[in-house]
Amino acid sequence: MSLLNCWEYKKCGRQPGGNKVAELGECVAVSCFKAHGLNHGINGGRACWAITGTFCGGIIQGSFVDKHRNCASCDFFHTVIKEEGENLTPVQEILTLLTTGRKSSP
């Protein structure tokens, strides 16, 4: 099974060299190195719902609190949940890692 990152799944064109980079800029999920490897993704590619400033549905998304409702109904988010199963990195752990640079304690 090939696990896709959000920019591959959504075909947004905001990855390096993508057809929308000149117009909309490169997506912050692409360069979110702190999230690399989470849910088997490249950088923030499989944790985008917790990353501030992603551009989804034609709108720049704010903080996790602001974007939570949109992401909860996102088909990509539900695909990652299904693919990762019980190995899904919990959102609180992602948020802790993004804000502190360290994984949360068990």
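One distance of note links OG1 of Thr89 with CD1 of Ile94; it measures 5.5 Å at 0.5 Å rounding. Note that the CZ atom of Phe76 and the SG atom of Cys48 stand 5.0 Å from one another [nearest 0.5 Å]. Rounded to the nearest 0.5 Å, atoms CD (Glu83) and CG (Asn39) are 10.0 Å apart. Taking SG of Cys12 as the reference point, atom CG of Asn19 lies at 9.0 Å (rounded to 0.5 Å).
Counting all heavy atoms, side chain and backbone alike, Ala29 lies closest to Cys6 at CB-SG, 4.1 Å. Among all heavy-atom pairs drawn from Asp75 and Lys10, the shortest one is OD1-NZ, 2.6 Å. When all heavy atoms of Ser73 and Asn70 are compared, the pair lying nearest together is OG-O, 3.1 Å. For Val28 against Thr52, the heavy-atom pair with the smallest separation is CG2-O, 3.3 Å. Nearest approach of Glu26 to Ser31, heavy atoms of both residues: OE2-CB, 4.3 Å. Scanning both residues, Val30 and Pro16, for their nearest heavy atoms gives CG1-CD, 3.3 Å.
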Next on the checklist: Before you tell me yes or no, could you show the steps for Val80 and Leu88 under side-chain contact (heavy atoms from CB on, under 4.5 Å), namely the whole-Å CA-CA distance, both residues' side-chain angles and the distance that decides it to 0.1 Å?
Outcome noted: CA-CA 8 Å; Val80 174; Leu88 180 75; 3.9 Å; yes

Checklist entry - Going through the distances and angles, do Leu3 and Glu84 end up as a side-chain contact (heavy atoms from CB on, under 4.5 Å)? => result CA-CA 10 Å; Leu3 301 177; Glu84 295 297 323; 3.9 Å; yes

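In this structure a side-chain-to-backbone donor-acceptor pair under 3.5 Å is present from Lys67 to Ile51. The backbone N or O of Gly25 sits less than 3.5 Å from a side-chain atom of Arg14, completing a donor-acceptor pair. For the pair His68 (side chain) and Ala50 (backbone), a donor-acceptor distance under 3.5 Å is absent.
With Lys34 as the partner, the side-chain contact (heavy atoms from CB on, under 4.5 Å) test is satisfied by one option alone out of Thr99, Asn43, Leu98: Leu98.
Listed by chain and number, the residues in a side chain to side chain contact (heavy atoms under 4.5 Å, CB included) with Leu4 are Ser2, Glu8, Tyr9 (sequence neighbours excluded).
Using cut-offs of 30° and 60° on the angle between ring planes, the pair Trp49 and Phe77 is perpendicular.
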